[in-house]
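One structure is given here, and the rest of the page talks about it.
Sequential numbering from 1 along the given sequence is applied to the chain's residues.
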Amino acid sequence: MLVAMRKEDQNEAAIDPWTFVHAGTGLALGLIGVKFQYAFAAAVLYELIEAKSENTERVRSFFNVSAPETTVNQIVDVAVFSLGLRLGSKWNQT
């Protein structure tokens, strides 16, 4: 599934509403000048922690998700984060 059209599909689709949050976070960090390697490492670490924690019923219930994110969703989240980060950094160079 490419795009989540329902809440219960959000972790199974490559793109969900949280994808835009990741892009915006990357953009914000780029605009304030966070170095790429630190921000990228933080984004990957976040995805790893999220994946581990969403394997528990308690966390899935708290965030109201049906399953942990797919690997494709995690890759898309990190990719759009990186894109936002690069765009914010480029903006600072203009």
Side-chain angles (χ1 to χ4, degrees):
M1 175 180 328
L2 181 61
V3 179
M5 300 303 286
R6 299 176 305 169
K7 170 79 172 154
E8 59 265 17
D9 296 334
Q10 79 178 27
N11 281 359
E12 296 173 22
I15 299 169
D16 61 24
W18 291 101
T19 304
F20 302 100
V21 174
H22 288 282
T25 302
L27 179 64
L29 292 176
L31 288 170
I32 64 171
V34 175
K35 290 185 184 262
F36 183 86
Q37 62 268 30
Y38 298 130
F40 182 81
V44 170
L45 182 62
Y46 172 83
E47 288 295 330
L48 292 173
I49 292 169
E50 182 183 28
K52 181 74 171 165
S53 66
E54 283 184 345
N55 281 324
T56 66
E57 183 58 38
R58 183 177 180 188
V59 172
R60 282 197 306 265
S61 176
F62 180 78
F63 287 108
N64 193 23
V65 294
S66 57
E69 289 182 325
T70 63
T71 302
V72 172
N73 182 279
Q74 293 171 319
I75 291 169
V76 169
D77 286 347
V78 171
V80 299
F81 173 87
S82 299
L83 178 62
L85 185 62
R86 288 286 187 201
L87 289 172
S89 297
K90 290 289 183 191
W91 177 264
N92 287 340
Q93 295 171 6
T94 61

Scanning both residues in full, the closest heavy-atom pair of Thr19 with Ala14 reads OG1-O, 3.9 Å
Heavy-atom nearest pair, Val34 first then Ala39, reads CG1-CB, 3.9 Å
CG (Leu27) and CG (Leu29) are apart, to the nearest 0.5 Å, by 9.0 Å
Scanning both residues in full, the closest heavy-atom pair of Leu85 with Phe40 reads CD2-N, 4.5 Å
*asked:* Please determine whether residues Val3 and Val72 belong to a single hydrophobic cluster, defined as Ile, Leu, Val, Met, Phe, Trp and Tyr linked transitively by side-chain heavy-atom distances below 4.5 Å.
replied: yes
Using a 4.5 Å cut-off on heavy atoms from C-beta on, say whether the side chain of Phe81 contacts that of Glu47. no
### Message
Let me check something: do Leu83 and Leu31 share a hydrophobic cluster, defined by ILVMFWY side-chain heavy atoms less than 4.5 Å apart, either directly or through other members?
### Response
yes
Tightest non-hydrogen contact, residues Ala4 and Ala13, listed as N-CB, 3.3 Å
When rounded to the nearest 0.5 Å, the distance separating CD1 of Ile15 from NE2 of His22 is 12.5 Å
State plainly whether one hydrophobic cluster holds both Leu2 and Val80, where clusters connect Ile, Leu, Val, Met, Phe, Trp and Tyr through side-chain heavy atoms under 4.5 angstrom apart. yes
**Item:** Test item: Asn73 and Trp18 side chains (from C-beta on) under 4.5 Å apart, heavy atoms
**Value:** no
Value for CZ (Phe20) from CG (Asp77), rounded to nearest 0.5 Å, stands at 10.5 Å
| task | State, yes or no, whether a side-chain contact exists between Lys90 and Leu87 at a heavy-atom distance under 4.5 Å. | result | no
Gln93 meets the side chain to side chain donor-acceptor pair (under 3.5 Å) criterion, sequence neighbours left out, with none
